[in-house]
Amino acid sequence: MRVGVFICHCGNNIAGTVEVAKVAEEARKMPGVAFATTYMYTCSEPGQEEIKAAIAREKLDRVVVAACSPRMHELTFRRTVEKAGLNRYFFEMANIREHCSWIGEDKELNTNKAIEAVKIAVEKVKQNKPLFPSRFKINKRVLVIGGGVAGMQAALDCADGGLEVVLVEKSPSLGGMMARLDKTFPTVDCSICILGPKMVDVSQHEKITLYAYSEIEEIKGYVGNYQIKIRKKATYVDWSKCTGCGACVEKCPSRNAYDYFNFGVAPCRAINIPFPQAIPKKAKIDPKFCRQFTKGKCGVCAKICPVGAINYEMQDEIVSEEVGAIIVASGYGLIDLDKLPEYGGGRYPDVISGIQYERILNASGPTAGHIVRPSDHTEPKTIVFVSCAGSRDKSIGIPYCSNFCCMYIAKQAILTKDHIPDSQCYVFYMDIRSPGKGYDEFTRRAQEEYGVKYIRGRVSRIYPKGKKLVVKGADTLLGTQVEVEADLVVLATAVIAAPDARILAEKLHISYDPYGFYVESHPKLRPVETNTSGVFLAGACQGPKDIPASVGQGSAAAAKVLSMFSKDTLESDPQIARVNQNICVGCRKCIRTCPFGAIEEQELRDGRIVAKVIETVCAGCGICNSTCPCGAIQLQHFTDNQLLAEVNALCLT
Amino acid sequence: MEPINLTQNTDWEFIEQVKKESGENPSLCYQCGNCTAGCPYTKYFDFPVNQIMRLLQTGQKETILRSRSIWLCATCETCTTRCPCQIDIAHIMDVLRIIARRENYVAEKEVKIFYDAFLSSLKHHGRIFEVGILMGYNFRSGHLFTDADLGPKILGKGKIHFLPPRIQGRDKVAEIFRKFEEKRKSRG
Amino acid sequence: MAEKEYVYFPGCSLEASAIEYDLSVRKVLGALGVKLIELDDWSCCGSTPAHSVDHGFAAAVAARNLALVEKMGHSTLITPCPACLSAFKKAHLRMEKDKDFQKEVNSLLDEPYQGGVTAKSVLQIIYEDIGIKAVAEKVKIDLPDLQVAPYYGCIINRPPAVMEFDDPENPVAMDRLMEAVGIKVCDFAFKVECCGAAFGVTKRKMVNELSAKVLAMALEAGANCLVVTCQLCHQNLDLRQEQINRTMGTSFNLPVLFFTQVIGLTYGFSPQELGIDKHNINAEPLIKSRRPVEERIKEEEEKAKAKKPKPKKAEEEES
Amino acid sequence: MSYLAGKELRIIGFLCNWCSYGGADTAGVARFKQPTDLRIIRVPCSGRVNPLFVVKALLNGADGVLVSGCHPRDCHYSEGNFYARRRLEMLKRLLPFLGIDERRFHYTWVSASEGARWQKVVTDFTKIIHELGPLHPKKESTE
């Protein structure tokens, strides 16, 4: 066996704290190593050529590259050795950068650790067997979770690319947060005017199946072949009949239902259609408030409905869909005012959140676009905006910036001035974050043209005084306390993960950060991929994001799916479990433990019952391997022998 | 205000000293101003709280220890309660006050005199003898008639004892003072 | 209700300038079947002046008392005074967290403090240990004229990490207690705003200005009486109220009562028994009309009856 | 040569490729200082770790073994870390019977985004092993 070892300087990243020459020298002494050298940038093209050349020149049959993390370049180098005629699994990587040169300054210790990392890799690679991927057919349908702007963009791009799309939206209408906005920054064009057409396109696209007011119940399968169960929640209105005429809403006697679409700015009817441009434009009953459900008597809507669509007996329905890829665009949430007791914690009706103010500004909102105070419906003259209401606040566990508040506050202040020319807006801020194209100009305009007063400091407290609200803050630039007697206070409440983000992540087997936002595969180079192949991310479910960024990600995710589906088959990862049927005693332990049901019984000619792995289903976790009492089932590329070889490399010396 | 030469006039030891004595890390402060905004005493401070924190971050020992702010802080805990960076600001103010006293910077004579009067009452009687303190304070501060107007109000209501309280344990309390002074000296 | 027993630390002011607070506490807790054992030979908690000298020293002065409680074989110490309370809690907490600090403190004490005592405010034990329900049961008298603004002061529940009681921004313990004994409570925005604390002597103008704000906001809230839980607040707001009027050119005449005094009144104790006559601002006019609580209950029932036949429409609005 | 006698002890870590291995990468990228004793073996899932590996390692020369996987309910293979937890819990109870201090074996959860947590895990565990000292004193001399 002739192993070749290539140690990377990675410029100074490795060579700075590791004596690469010494590592190479020690490597040469290792049994089985025929050749060892160092190179400035092994991943560069000449670097890879160097490896190919060496393989030919030195007749190498195994290759170890000691460089960065395999999570970074394992695939790169596997391709390299393959091009040189070796099986791509005759290759191992030793991580001497992230796990070594970057964790300390002590050259002696680092060098020694690097040498041992190489040693582990050498012992492993000597145990490696050639593996050959098989190919499997893929189902070229895609599931998009979330009908906000990111999800709709992804759905449309996929559909226009010829894919069948299943779009699942948990609320009764498409549109998400963007549908609630009045105008959008920095252009101040009407939000629903640019979103509405997209919503229509989605609903009319022959390749898109829309499940509104539905949620993901269960996800089974693997990249290329997922089985999805979708829960269609009971609306108590037969949508196949409902024409959205709104007669029922008119007549509904229960007027105090919570209006989810308007974030409770004003109450709505127990049976309602969220907003005029809603798609689908269908009515839905909220049983928490409907008197037919609470009191057991009413039935007004059933009487009034011209098409007899009302059905109080309706139950949730589970439908199944099969897809090959999933795009997650489940959006974000906002903290409740009760997290901010010093700002009244929701006890003062005229202290509202930014999204509530959007609804008040919005022509199709509960106040028909007239800016009035929730408390007494009078027109406010002094409006105070408080940025970072909960954001960048460790004391409530939200240390991060919510990304778009600075911008929408500027927008809302400008709109306020447009609506009420004799009004005065104040904005309390810590930093103005406006890095986007045309963004900073926009916040400047708010101050220069619209005379919005920006005050650099946090607000400590808000309390009522007569009809006014006293906003007690600081102007750190003046080094004084400031007070504003406001008619209305708008809090830019912090962006948080969507309420059920974690539950969905667990169904998808994707990971989330400590705040519940989904984790991308690589922060820079794989921003819309996840570590679960076949599952992609778009929009604010991955972190606070504004509209352009969300749309961009929607398209990016769609592109990823389209390129994946450009082939008819996918290469299956050969790193899966394999049964040695001569040793298998048919105890069925593996069958019971496999989380994917990838192992089944097989009866041999001699009547023996043994385990058999369904190649396309096995995900390669290796649980069966460590469960098997006789080592009959082995996870390829991570067999007992291979792992023990690594252990022994460290111990028996 | 004089320009500050950060190269020459940053007192790094002072920053470390305050870190050590308070167990708080001034670098956590991002100057949002919430402390100043909520502080009932900002109006009376020569440096608002957030500037004290800033001066601390930049190691301006002299300015801080000479400031009146640290003596006018009543430890009402508003800043600590609302700090988004979870810094115990009131505790830092406390530590600054202690250092100022130790190194004889006292920008607010009256306050210190009152505290001393309080402490000597504590030392001698084990409990606080309000009239004693007031008289002691008025005498030392030279403001002979401070709150004299209040005298009659409480007098009439039998709220004042003209003799200090006496507890057996008062020598024990005095003992605490003695041991502390000794320690202080031995520490130098 | 089972007989409760607590070790009691009145604190220096409650022996003198705030003696009425002590009186009313003893009366009310007595009525609620709580036995108070005054901590024998207690000494001053050290208050603000002590921790302007040194934290170890301050903790020692406070911990001396905690050690005494330990020696009595008790694990809870209750005090009406928020300043004493915070001194005790801070000393205890830091000694618990930081063993070196504990050593340092104990080296100043003749009898070391092991760390087994929880300090609680009188307000806290009435609110939590005894409970609204039991407090309400004892009510005999109704005070129809009283409309109180509960004023908590800065430190009885702040910082939350140390005081571990009620909401730091919008405390409700006193509000609930007042409601429980049938007193009208106003929504008061300055519940925790500082009154000027211990600067009364040295920075009188400052204190007068700050206290004036509190009084003004109380009137703003529609209150005709402040209810407090801190004798220092009481001193600044009641004893100095005329001072305030002089310095600020105001004309406040707003009685300030300790919450225990109000409860005491509803339990049928006389203003004298509760030391209300010792206050500077006369509360008599507000508490003059005192009637058996039954009368109020009857009134309310009649009101309720009057409301009963509601128009169909209105009822629908609710659903 | 094996570990630097005196300076280091022999610590082996089995890391799940999807979370902890990435967490260690994240820690490195952020340049979080860590002790160098730990030698990392990459596995697809903590559920792949056969308790036998741990025992073999400890008997054949390791002074400590660390297994780190994904947070419960966040497993890339949905249940792998549960199996791991069950097995490794058992193992922890068995070690004393082999005359091995159970503190020499530790299993924990670190996600790919938790670089700081990884740093703490490594530092703390290494500290513990150094407090316990070498498990195989005679091996000290191997140089």
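Below, read A as the first sequence line, B as the second, and so on, with proteins coming before strands; counting in each chain starts at 1.
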* Asked: Non-hydrogen atoms of chain C under 4.5 Å away: do they reach the side chain of Thr146(B), the backbone, both or neither?
  -> side chain
* Under 4.0 Å between a Lys/Arg side-chain N and an Asp/Glu carboxylate O for Arg101(B) and Asp54(C)? -> no
* Asked: Can you tell which of Thr81(B), Ile98(B), Ile99(B), Val173(B) has the highest number of heavy-atom pairs within less than 4.5 Å of chain C?
  -> Ile98(B)
* To do: Quick one: which of Pro159(C), Cys154(C), Ala18(C), Ala197(C) has the most heavy-atom pairs under 4.5 Å with chain B, could you say?
  => Pro159(C)
* Proximal component of Asp277(C), with respect to chain B [non-hydrogen, under 4.5 Å] -> backbone
* Ring geometry between Tyr41(B) and Phe199(C) (parallel below 30°, tilted from 30 to 60°, perpendicular above 60°) -> perpendicular
* Side chain, backbone, both or neither: which part of Glu111(C) has a heavy atom under 4.5 Å from chain B? -> neither
* Name the region of Glu182(B), side chain, backbone, both or neither, that has any atom closer than 4.5 Å to a heavy atom of chain C. => neither
* Top contributor to chain B contacts, counting heavy-atom pairs under 4.5 Å, from Gln243(C), Glu104(C), Met206(C), Lys203(C) -> Met206(C)
* Structure fact -> So, the part of Ala198(C) with a heavy atom under 4.5 Å from chain B: the answer is backbone
* If you look at every heavy atom in Cys76(B) and Ile155(C), which pair is closest and at what distance? -> O-CG2, 4.2 Å
* **Leu122(B), part contacting chain C, at a heavy-atom distance under 4.5 Å** => side chain
* Asked: Where does Phe118(B) contact chain C at under 4.5 Å (heavy atoms): side chain, backbone, both or neither?
  -> side chain
* Distance from Ile176(B) atom CD1 to Leu108(C) atom CG, nearest 0.5 Å? -> 7.0 Å
* To do: Among Pro168(C), Ala60(C), Ser17(C), Cys194(C), single out the residue with the greatest number of heavy-atom pairs under 4.5 Å to chain B.
  => Ser17(C)
* Asked: Salt bridge between Arg240(C) and Asp147(B), side-chain N to carboxylate O under 4.0 Å?
  -> yes
* Asked: Going by heavy atoms in the side chains, are Glu193(C) and Pro40(B) under 4.5 Å from each other?
  -> no
* To do: Can you tell which part of Lys43(B) gets under 4.5 Å to a heavy atom of chain C, answering side chain, backbone, both or neither?
  => side chain
* What heavy-atom pair brings Gly126(B) and Ser43(C) nearest, and what distance separates the two atoms? -> O-CB, 3.3 Å
* Using only heavy-atom distances, determine whether the side chains of Ser107(C) and Lys183(B) contain a donor-acceptor pair under 3.5 Å. => yes
* Closest-packed option against chain B by number of heavy-atom pairs under 4.5 Å, given Asn280(C), Leu210(C), Val201(C) -> Val201(C)
* Asked: Should the pair Glu77(B)-Lys90(C) be classified as a salt bridge under the 4.0 Å nitrogen-to-oxygen rule?
  -> yes
* To do: With a 4.5 Å cut-off on heavy-atom pairs, point out which of Ile133(B), Leu96(B), Asp88(B), Thr75(B) contacts chain C the most.
  => Thr75(B)
* Asked: Which atoms of Gln168(B) come close to chain C, meaning under 4.5 Å heavy atom to heavy atom: side chain ones, backbone ones, both, or neither?
  -> both
* Would you say His91(B) and His51(C) make side-chain contact, with heavy atoms under 4.5 Å? -> no
* With rounding to the nearest 0.5 Å, note down the distance linking OG in Ser52(C) to CG in Leu119(B). => 6.0 Å
* Given that the side chain runs from C-beta out, which part of Cys73(B) has a heavy atom under 4.5 Å from chain C: side chain, backbone, both or neither? -> backbone
* For Arg127(B), is it the side chain, the backbone, both or neither that has a heavy atom under 4.5 Å from a heavy atom of chain C? -> both
* Please look at Ser13(C) and chain B and tell me whether the side chain, the backbone, both or neither of the residue comes under 4.5 angstrom of a heavy atom of that chain. => both
* Asked: Does the side chain of Tyr44(B) come within less than 4.5 Å of Glu209(C)'s, by heavy atoms?
  -> yes
* Could you have a look at Leu68(C), Leu109(C), Asp98(C), Asp40(C) and say which one has the most heavy-atom pairs with chain B under 4.5 angstrom? => Leu109(C)
* **Residue Lys20(B) excluded, over 12 heavy atoms near NZ under 6.0 Å** => no
* Rounded to the nearest 0.5 Å, how far apart are CG of Leu150(B) and CZ of Arg204(C)? -> 7.0 Å
* chain C contact via Thr78(B) - side chain, backbone, both or neither, heavy atoms under 4.5 Å -> both
* To do: For the residue pair Thr80(B) and Arg158(C), establish whether any side-chain heavy-atom pair is separated by less than 4.5 Å.
  => no
* Asked: Yes or no on salt bridge (Lys or Arg N to Asp or Glu O under 4.0 Å) for Asp149(B) and Arg246(C), after CA distance, side-chain angles and deciding distance?
  -> CA-CA 12 Å; Asp149(B) 56 330; Arg246(C) 247 180 285 114; 3.6 Å; yes
* Part of Leu72(B) within contact of chain C (heavy atom distance under 4.5 Å) -> both
* Do Val53(C) and Tyr115(B) have side-chain heavy atoms sitting under 4.5 Å apart? -> no
* Structure fact -> Looking only at Glu175(B), Arg102(B), Arg82(B), the option with the highest number of non-hydrogen pairs under 4.5 Å against chain C is Arg82(B)
* Find the one option among Lys112(B), Glu130(B), His125(B), Arg97(B) whose heavy-atom pairs under 4.5 Å with chain C are most numerous. => Glu130(B)
* Asked: Heavy atoms, side chains only, cut-off 4.5 Å: are Glu108(B) and Thr202(C) in contact?
  -> no
* To do: Would you indicate whether the side-chain heavy atoms of His55(C) and Asp94(B) approach each other to under 4.5 Å?
  => yes
